[in-house]
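A short worksheet on the structure shown next.
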Amino acid sequence: CRGGKLAVSNSNVASDTQVLAGGTATIFSKATASGGNVMSGGTLIFSSGAILTGTLNAAGTITVKNGATVSNGTLNFNLVDLKAGNRVILNDMSLLAGANYSITVSGSQAEGSYKLANGAGVFNGTITVKNESGNTLGSLSIGGTLNAGGNSYTLTRNNAGNQFAEQSFIINAPFPK
């Protein structure tokens, strides 16, 4: 949906939904988002009781309300066309319990800090890093560094002393080979 609104409810499934810039899709209680893409400028809202399955590629905004669930679901932070900056992709990681996470980067990804999620204070798992072709470059945990494809990737958490700690993915200048 581009510039429009999509609402999915009553046990219906939104399969491979494309939320384009200016569009908003809301997945209500007992409804499912099964894969899809949320492009930069688009918004996907998971209401309480909504379900995520499959892989959701997110360059736009993902808003999760308390009580959303995941069943074999992956949230892929697609950074390929994004610029480093202050915008957070996922409003609260702690509300998307059970999700797997991955990050997609391009070989020419701009250096800087990409803010993935708020509510990452309890996150202690790993995040898979992939290239645009879907090939796995490696995985990262908090405080870890991955050197791949001429770039250095770091996953950090800003512990601001509250439950809404921010998780950032930092791409450093290419490292010498």
Side-chain angles (χ1 to χ4, degrees), residues 14 16-21 23-25 27 33-46 50-65 68-149 151-158 164-172:
D16 296 320
T17 300
Q18 307 297 311
V19 183
L20 304 177
T24 301
I27 311 300
S34 180
N37 294 292
V38 180
M39 307 308 282
S40 183
T43 301
L44 179 63
I45 301 167
F46 285 97
I51 303 164
L52 168 64
T53 63
T55 299
L56 179 64
N57 296 298
T61 301
I62 306 296
T63 301
V64 180
K65 304 209 174 161
T69 60
V70 178
S71 175
N72 294 320
T74 299
L75 179 59
N76 177 55
F77 298 99
N78 188 350
L79 306 181
V80 171
D81 294 322
L82 297 183
K83 295 179 181 174
N86 294 325
R87 187 177 66 81
V88 175
I89 295 173
L90 176 60
N91 73 311
D92 193 337
M93 184 178 255
S94 70
L95 296 179
L96 202 55
N100 296 306
Y101 295 97
S102 61
I103 299 169
T104 299
V105 295
S106 74
S108 59
Q109 194 77 42
E111 179 179 359
S113 179
Y114 296 79
K115 296 180 180 179
L116 304 179
N118 286 326
V122 297
F123 179 79
N124 61 0
T126 60
I127 295 181
T128 302
V129 181
K130 303 181 296 184
N131 64 18
E132 288 176 278
S133 300
N135 298 319
T136 299
L137 301 176
S139 61
L140 283 170
S141 55
I142 298 294
T145 298
L146 169 65
N147 295 319
N151 289 315
S152 176
Y153 306 99
T154 306
L155 186 64
T156 64
R157 180 170 42 221
N158 173 6
F164 297 106
E166 175 186 277
Q167 182 171 313
S168 295
F169 180 68
I170 299 173
I171 299 175
N172 298 311

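Quick caveat, the model's predicted, so the values are computed rather than measured.
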Student check: side-chain heavy atoms of [X] and [Y] closer than 4.5 Å:
X	Y	result
I127	L155	yes
R87	L82	yes
Y101	T128	no
T53	N72	no
Y114	Q109	yes
L116	I103	yes
V38	L56	yes
K65	F46	no

* Asked: Between atom CG of L79 and atom OH of Y153, what is the distance when rounded to the nearest 0.5 Å?
  -> 10.0 Å
* Asked: How long is the gap from CG on L90 to CG on L44, to the nearest 0.5 Å?
  ->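 These two atoms lie 10.5 Å from each other.
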* Asked: Is there a donor in the side chain of N76 and an acceptor in the side chain of S102, or the other way round, less than 3.5 Å apart?
  -> yes
* Can you tell me if N57 and N78 form a side-chain donor-acceptor pair at under 3.5 Å? ->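 No - no donor-acceptor pair under 3.5 Å links their side chains.
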Taking every non-hydrogen atom, the tightest pair across [X] and [Y]:
X	Y	result
L140	V129	CD1-CG2, 3.9 Å
A14	T17	CB-OG1, 3.2 Å
N118	N91	CB-O, 2.9 Å
L75	A58	CD1-CB, 3.8 Å
S106	E132	CB-OE1, 3.3 Å
A117	A120	O-CB, 4.2 Å

* Check against side-chain hydrogen bond (donor to acceptor under 3.5 Å, both in side chains), N147 and S152 -> CA-CA 4 Å; N147 295 319; S152 176; 3.2 Å; yes
* **Candidate list N135, T104, V105, L137, test side-chain contact (heavy atoms from CB on, under 4.5 Å), partner K130, passing option** =>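 One option only clears the test, and that one is T104.
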* I45 vs I27, side chain to side chain contact (heavy atoms under 4.5 Å, CB included): CA-CA, chis, key distance, verdict -> CA-CA 6 Å; I45 301 167; I27 311 300; over 6 Å; no
* **Stepwise side chain to side chain contact (heavy atoms under 4.5 Å, CB included) check, V19 with T24** => CA-CA 7 Å; V19 183; T24 301; 5.8 Å; no
